[in-house]
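Source: prediction; values computed, not measured. When a ligand or atom number is given, it counts from 1 through the structure's own listing order. Numbering of residues begins at 1 and proceeds along the displayed sequence.
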Amino acid sequence: MRDYYEQSAEREAGRLSRPADGAVEWELHARAFEECLPPAPARILDNGGGPGTWTLWLAHRGYRVTLTDLSPALLDVARTRIAQAPRQYAVNVEAVTEADARDLSAFPDASFDAQLCLGPFYHLTSDSDRLQAVREAHRVLRPGGLLIATVMPPYMRLVSTVLEHGSAAFTTGAVARILDEGRHDDPRPGRFTGGYLTRPDDVTALFEDHGFRVRRLLASQGILAWAQPEVAALAQRDPDAYRRLLDVAYRTAGDPSIHGMSGHLLVVAERLTIHAE
Ligand SMILES: C[S@@+](CC[C@H](N)C(=O)[O-])C[C@H]1O[C@@H](n2cnc3c(N)ncnc32)[C@H](O)[C@@H]1O
């Protein structure tokens, strides 16, 4: 997994602005963050923040941001982007540091008002690793602070694996591993790998059993997950219809009937005063 991000750092940096790839996720996540985050200059940890795309978005809005990630190559991309940003925003980025979501010991207890964790939970493949990341998120947040995390449900990944590999997806056991173990691995260089897939029904317990209350669960690409190239074409052809469709996608993103077929789910959870078990 780390090799994948090391090799694809530049590509990852552009992902959220590519119309047929991350643009819908970007639009819907931005709306959710605007609604849910405490006002600036709250202190925010962008944990697994990779190339710093959301770090810069937060810094532009006056938040004091710390960016952590496992990948040195992605952190280098982030440092370059921050250095190129206007100084009045760049100064809001307080630190850019290599850290694993399972070990945030560089940060004291209750040191952040909110934490983005958009990545680690779909790469931590054991129950104990995910639990450790939840415990660390709880520890570094102040009581009442927000954890905003993504998880990846299995079915979209399953279908895209078969569309890409055909029968080999079945004969190699890739489909069975997704269905039975929630694991997605692709040994080819430069391919998304080391993925852990979480069923929507299991999301609430992951956080609520360990000191959080889930406030919202949203489909990151809403009802548009399966039509992103067509939605990108609509954005060019009819920008007004595109904006209105995004409005509908955001309004319906909390509908549980679409969650299982979403690419990612965005979890907004409040840190309770009780300790994580
Ligand atoms: C798909 S990228 C998302 C980057 C960024 N959060 C965004 O939304 O643009 C997933 C990120 O999670 C990071 N990551 C995965 N496991 C991690 C862990 N255990 N601790 C810290 N970062 C991790 C990867 O290095 C990568 O930067």
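- Under a hydrophobic clustering in which Ile, Leu, Val, Met, Phe, Trp and Tyr are joined whenever their side-chain heavy atoms come within less than 4.5 Å, directly or via other members, V96 and V65 fall into different clusters.
- Of the protein's non-hydrogen atoms, the one nearest atom 10 (C) of ligand 1 is Y5 OH, 3.4 Å.
- Around the CZ atom of R188, the shell of radius 6.0 Å holds more than 12 heavy atoms that belong to other residues, nucleotides or ligands.
- Using a cutoff of 4.0 Å between basic side-chain nitrogens and carboxylate oxygens, D240 and R243 are not scored as salt-bridged.
- A single hydrophobic cluster is seen to contain both Y242 and I223, as judged by linkage of ILVMFWY side chains at heavy-atom distances under 4.5 Å, directly or through other members.
- Nearest to atom 16 (N) of ligand 1 among the protein's heavy atoms is M1 CE, 3.5 Å.
- Using a cut-off of 4.0 Å between Lys/Arg side-chain N and Asp/Glu carboxylate O, D247 and R31 are scored as salt-bridged.
- Of all atoms in ligand 1, listed by their number and element, those nearer than 4.0 Å to a heavy atom of A99 are 20 (N), 21 (C).
- Around atom 19 (N) of ligand 1, the closest heavy atom drawn from T125, D100, L116 belongs to D100.
- For R213, the CZ atom sits in a loose shell: 12 or fewer heavy atoms of surrounding residues, nucleotides or ligands are nearer than 6.0 Å.
- The protein non-hydrogen atom at the shortest distance from atom 8 (O) of ligand 1 is W54 CD1, 3.6 Å.
- Ion pairing between a basic and an acidic side chain is recognised when a charged N comes within 4.0 Å of a carboxylate O; D109 and R139 show such pairing.
- Relative to the ring axis of F121, R130 does not place its NZ or CZ within 45° and under 6.0 Å from the centre.
- Counting the atoms of ligand 1 from 1 in the order shown, those under 4.0 Å from a heavy atom of A101 are 18 (C), 19 (N), 20 (N), 21 (C).
- Among protein heavy atoms, the minimum distance from atom 2 (S) of ligand 1 is reached at E12 OE2, 3.3 Å.
- Of all protein heavy atoms, the one closest to atom 9 (O) of ligand 1 is L16 CD1, 3.5 Å.
- Close approach of ligand 1 to H123 (heavy-atom distance below 4.0 Å) involves ligand atoms 15 (C), 16 (N).
- The option from D69, D129, L124 that lies nearest to atom 25 (O) of ligand 1, judged by heavy atoms, is D69.
- By the 30° and 60° cut-offs, the orientation of the rings of F107 relative to F112 is perpendicular.
- Taking the six-membered ring where the residue is Trp, the centroids of H123 and Y196 are separated by 6.0 Å or more.
- Between R215 and E35 there is no salt bridge, since no side-chain N of the basic residue sits under 4.0 Å from a carboxylate O of the acidic one.
- The contact set between ligand 1 and Y122, taken as ligand atoms under 4.0 Å from a residue heavy atom, comprises 1 (C).
- Those atoms of ligand 1 that come under 4.0 Å of a heavy atom in G50, given as number and element, are 27 (O).
- Among all non-hydrogen protein atoms, the one lying nearest atom 3 (C) of ligand 1 is L118 O, 3.3 Å.
- Distance from atom 23 (C) of ligand 1 to its nearest protein heavy atom, with residue and atom name: P120 CG, 3.7 Å.
- Aromatic ring pairs are classed by plane angle as parallel below 30°, tilted from 30° to 60° and perpendicular above 60°; the pair W54 and W26 is parallel.
- Here is the list of ligand 1 atoms found below 4.0 Å of a heavy atom in G48: 4 (C), 5 (C), 6 (N), 11 (C), 12 (O), 22 (N).
- Taking atom 17 (C) of ligand 1 as the reference point, the nearest protein heavy-atom neighbour is L70 CD1, 3.5 Å.
- Note on ligand 1: C117 sits outside its first shell, no heavy atom being nearer than 4.0 Å.
- Interface of L74 with ligand 1, defined as ligand atoms under 4.0 Å from a residue heavy atom, comprises 26 (C), 27 (O).
- Taking every heavy atom of G119 and a limit of under 4.0 angstrom, the matching atoms of ligand 1 come to 10 (C), 12 (O).
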